[in-house]
Amino acid sequence: MLRVRFAPSPTGFLHVGSARTFIFNWLYARHNGGTMVLRLDDTDVERNTEASVNSIFDGLRWLDLGWDEEYKQSERLALHREIAEAIFQKDLAYRDFTPAHVGDAEKSGANQTWLFNPGMRELSRAESDRRAAAGEPFALRFRVPRGLGAEVRFADAVYGEQAKAADDIEDFALLRSDGMPTYHLASCADDVDLKISDIIRGQDHLSNTFKHVLIFEGTQGAGGRAPQFVHLPLLVAPDGSKLSKRRHGPVVSVTTYRDAGFLAAAFMNFLCLLGWSPKDDRTHMTRQELIDAFSLEGINRANAVVNFKETALEAAASAGSATSAANSQAYPEETFDPKALWLNAEHIRALPVDELSARLLPIVQQAGFEVAPEKMLAITPLIRERIKLLRDVLTAADFFFVDPLPAYDSAELIPQKGDMAMAQKALTRGRGVLAQTEFTHDALDHALRGAAQELGLKAGQMFQPIRVAVCGRKNAPPLFETLVVLGRQTTLARVERAIQQIG
RNA sequence: GGCGCUAUCGUCUAGGGGUUAGGACGGAAGAUUCUCAAUCUUCAAACCCGGGUUCGAUUCCCGGUAGCGCUACCA
């Protein structure tokens with residue numbers, strides 16, 4: 001029975017790298033009919049925050065993939081201690097009475113390999129018991145085999161056979177001096193107990209895995225058998241450095257993508273293509289296609305760059321810092337990988353109009369505009385090929401939401417190879433035509449084209465002044481459809497204003 | 001410092017002892033349309049370096065270099 005788990009530690013928001021790990025786990029489970037477990041690895045009491053837990057769930061809920069079982073590591077301490085005790089009883093671990101901070105100082109001072117705090121490993125059991133009984137605090141450390149030329153090995157599904165000399169592995173801690181389990185112990189104990197069959201996680205754990213193999217072997221008696229390991233290449237910044245919360249802030253947070261108007265399916269699609277390939281020419285893939293295509297063989301070994309512009313990020317940071325409120329508009333398009341943007345546009349275009357309209361509506365309303373659902377439904381087909389992010393609806397369809405239009409430069413009304421007089425002519429004639437013509441695409445098309453011909457203008461020279469009069473700018477959706485949605489009254493008022501503006 | 005991992009266009013990647021080294025994004029040019037977008041066509045753009053093995057290496061092996069990770073009583 002295949003069981004995978006996603007085990008984030010609640011010490012910050014949901015990181016894009018974590019999101020990808022979650023997605024790969026989920027895909028693997030769904031592809032193989034397995035079980036997806038969500039486990040909060042919250043053994044670091046100092047750094048865990050409730051806000052972080054909420055943020056992670058927010059992100060995961062947005063992804064909308066779901067999971068089958070849920071656990072909290074902090075509620076399983078008894079199990080962890082039990083496993084630790086078992087390992088200790090097998091003499092695979094020993095008590096280290098060295099005060100925590102002293103050990104740190106010694107290690108960081110000399111820039112050489114540290115394996116264990118001197119003296120503690122050799123402490124006799126009697127001595128150890130006596131000091132423990134006396135209430136002296138201690139950490140429990142794994143007793144890694146020394147001087148035997150022993151090798152720890154495991155097979156990684158992505159990185160292949162891995163081997164490391166036991167002499168190069170330090171006596172890592174299992175239990176802290178306050179009795180809390182460390183990540184290594186809690187994670188392995190839970191993986192055994194939850195019968196996790198495949199551990200799919202970031203490559204930053206590849207080196208740690210040697211320790212985990214040691215723990216799994218030490219737990220063998222308790223029914224543990226090492227799961228299969230699957231390490232994923234890391235997601236890094238354009239300069240190759242790892243994505244950091246401090247340096248790259250918003251680009252590493254899943255909620256930034258959500259707030260900017262990414263579709264969860266597109267975001268997932270994008271993340272999947274970072275470090276994994278379907279091995280064919282597909283890029284735009286639906287959730288189901290991803291499930292069907294997913295396999296461990298498609299996972300790459302080299303780190304993948306999330307190609308955002310750091311400069312855009314800095315600009316947004318300095319501009320946005322004044323207004324502390326989470327303002328998604330503060331993050332320019334360059335904040336996101338061009339491929340993510342393109343994929344999002346692809347997914348947007350693939351959405352049925354009514355569905356897209358329903359997603360756009362709340363964004364428009366939250367921006368303070370009052371738009372009826374029916375009107376939004378009429379606007380949607382006009383902009384759906386023109387937006388990359390859902391939030392772009394605000395800039396692509398702005399003129400549908402406000403009335404009157406904000407000020408614009410009269411020079412904008414001048415058509416190609418024309419002058420203000422031509423604009424004047426087109427608008428005046430347009431006003432007459434628009435006052436009489438039926439507001440349907442074909443009727444407007446026919447009437448306006450006819451008028452252009454009569455005036456000796458190219459169609460574009462006739463349309464452009466009207467477009468600017470009605471939209472307030474040159475680049476906008478197709479004219480006739482736009483006029484139909486706007487309606488005769490608004491259209492005429494705006495054309496009239498343009499004529500007045502020219503003087 | 002020690003140990004581990006990695007290395008194909010700017011980015012994501014396919015490929016693999018003999019290929020015009022393929023695709024996608026992005027970029028450039030063009031077509032099309034009432035502008036923009038979408039769409040279509042075309043173009044530029046890559047096998048880290050050095051040794052081996054081989055008739056032949058981008059591919060296999062070794063070394064170097066670079067990057068990343070681990071080296072916490074963080075996860």
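Quick note on labels: first sequence line is chain A, next is B, and so on, each numbered from 1.
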Per Gln162(A) side chain, nearest of listed nucleotides U6(B), G4(B), G23(B):
G4(B)
Of the options Leu343(A), Leu341(A), Val254(A), which is the one that meets Phe262(A) in a side chain to side chain contact (heavy atoms under 4.5 Å, CB included)?
Leu341(A)
Answer with yes or no whether Lys474(A) presents, from its side chain, a donor or acceptor under 3.5 Å of a partner atom in the base of C36(B).
no
Phosphate OP1/OP2 of C25(B): any Thr283(A) side-chain N/O under 4.0 Å:
no
Under 4.0 angstrom between Lys279(A) side-chain N/O and G15(B) OP1 or OP2:
yes
Whole-Å distance separating the CZ atom of Phe210(A) from the C1' atom of C70(B):
10 Å
Could you work out the separation of G2(B) and C25(B) based on their P atoms and round it to a whole Å?
45 Å
In the strands shown, is G1(B) matched to any nucleotide by a Watson-Crick or G-U wobble pair with both distances under 3.5 Å, and which?
U71(B)
CD of Gln73(A) to NE2 of His80(A), rounded to nearest 0.5 Å, is 4.5 Å
Any side-chain donor paired with an acceptor under 3.5 Å for Ser241(A) and Asp239(A)?
yes
Paired nucleotide for A21(B) [Watson-Crick or G-U wobble; both distances under 3.5 Å]:
none
Rounded to whole Å, how long is the line connecting atom NZ of Lys211(A) with atom C1' of U71(B)?
7 Å
With ring centroids as reference points, do His212(A) and Tyr183(A) lie under 6.0 angstrom apart?
yes
Counterpart base for U54(B), defined by Watson-Crick or G-U wobble contacts under 3.5 Å:
none
Any strand is fair game: report the nucleotide pairing with A14(B) by Watson-Crick or G-U wobble, both distances under 3.5 Å, or none.
none
Spacing of Asp167(A) atom CG relative to G2(B) atom C1', expressed in whole Å:
12 Å
Can you tell me how far P of A72(B) sits from CD of Glu46(A), to the nearest Å?
19 Å
With P as the reference atom in both, quote the distance from G1(B) to G10(B) in angstrom, rounded to an integer.
29 Å
Separation of the C1' atoms in U54(B) and C61(B), to the nearest angstrom
12 Å
From the candidates U39(B), U35(B), U71(B), the one with an atom nearest any side-chain atom of Glu170(A) is U71(B)
Does the structure place the NZ or CZ of Arg131(A) under 6.0 Å from the centre of the six-membered ring of Phe138(A), at an angle of no more than 45° from the ring's axis?
no
I want to know whether His231(A) and His205(A) have ring centres closer than 6.0 Å.
no
Pair assignment for U41(B), Watson-Crick or G-U wobble, requiring both distances under 3.5 Å
A29(B)
To the side chain of Arg386(A), which of C36(B), U35(B), C68(B) is closest?
C36(B)
Can you check the distance between C55(B) and A14(B), where both ends of the measurement are the P atom (answer in whole Å)?
31 Å
Does a side-chain N or O from Arg282(A) land closer than 4.0 Å to OP1 or OP2 of G23(B), or not?
no
What's the gap between A31(B) and C49(B) when it is taken at their P atoms, as a whole Å value?
40 Å
Using heavy-atom distances to pick each residue's nearest nucleotide on RNA chain B, tell me which of Arg449(A) and Gly298(A) is more 5'.
Gly298(A)
Separation between the C1' atoms of G52(B) and G69(B), rounded to whole Å:
30 Å
Could you walk me through whether Glu297(A) and Lys279(A) satisfy the salt bridge (charged side-chain N to carboxylate O under 4.0 Å, His left out) test, starting with their C-alpha distance in whole Å, then the side-chain angles of each, then the deciding distance to 0.1 Å, before giving a yes or no?
CA-CA 9 Å; Glu297(A) 288 69 49; Lys279(A) 305 268 187 187; over 6 Å; no
Consider the side chain of Ser207(A), meaning its heavy atoms from C-beta on, and name the nucleotide among U71(B), A75(B), C70(B) that approaches it most closely.
C70(B)
For the residue pair Asp96(A) / Asn117(A), report whether a side-chain donor-acceptor contact shorter than 3.5 Å exists.
yes
By the 4.0 Å heavy-atom rule, please label Asp445(A) as base, sugar-phosphate, or nothing.
nothing
Take atom CD of Glu151(A) and atom P of G4(B), then tell me their distance rounded to the nearest Å.
10 Å
Identity of whatever pairs with C47(B) - Watson-Crick or G-U, under 3.5 angstrom
none
Quickly work out the His205(A) NE2 to C70(B) P distance and round it to whole Å.
8 Å
How many whole angstroms separate atom CZ of Arg301(A) from atom C1' of G67(B)?
17 Å
Would you mind telling me which of A75(B), C12(B), G10(B) lies closest to the side-chain atoms of Asn307(A)?
G10(B)
Could you work out the separation of C60(B) and G23(B) based on their C1' atoms and round it to a whole Å?
26 Å
Roughly how far apart, to the nearest Å, are A66(B) and C43(B) at atom P?
39 Å
For U65(B), what is the paired nucleotide under Watson-Crick or G-U wobble rules, both distances under 3.5 Å?
A7(B)
Contact class for Ala476(A) (heavy atom, under 4.0 Å): base, sugar-phosphate, or nothing?
base
In whole angstroms, how far is the C1' atom of A75(B) from the CD1 atom of Ile56(A)?
11 Å
With no angle test and no hydrogens, is the base of A14(B) tied to the side chain of Asp280(A) by a donor-acceptor pair under 3.5 Å?
no
To the side chain of Ser241(A), which of C73(B), C68(B), U35(B) is closest?
C68(B)
Look through every strand shown and name the nucleotide pairing with C34(B) as Watson-Crick or G-U wobble, where both distances are under 3.5 Å.
none
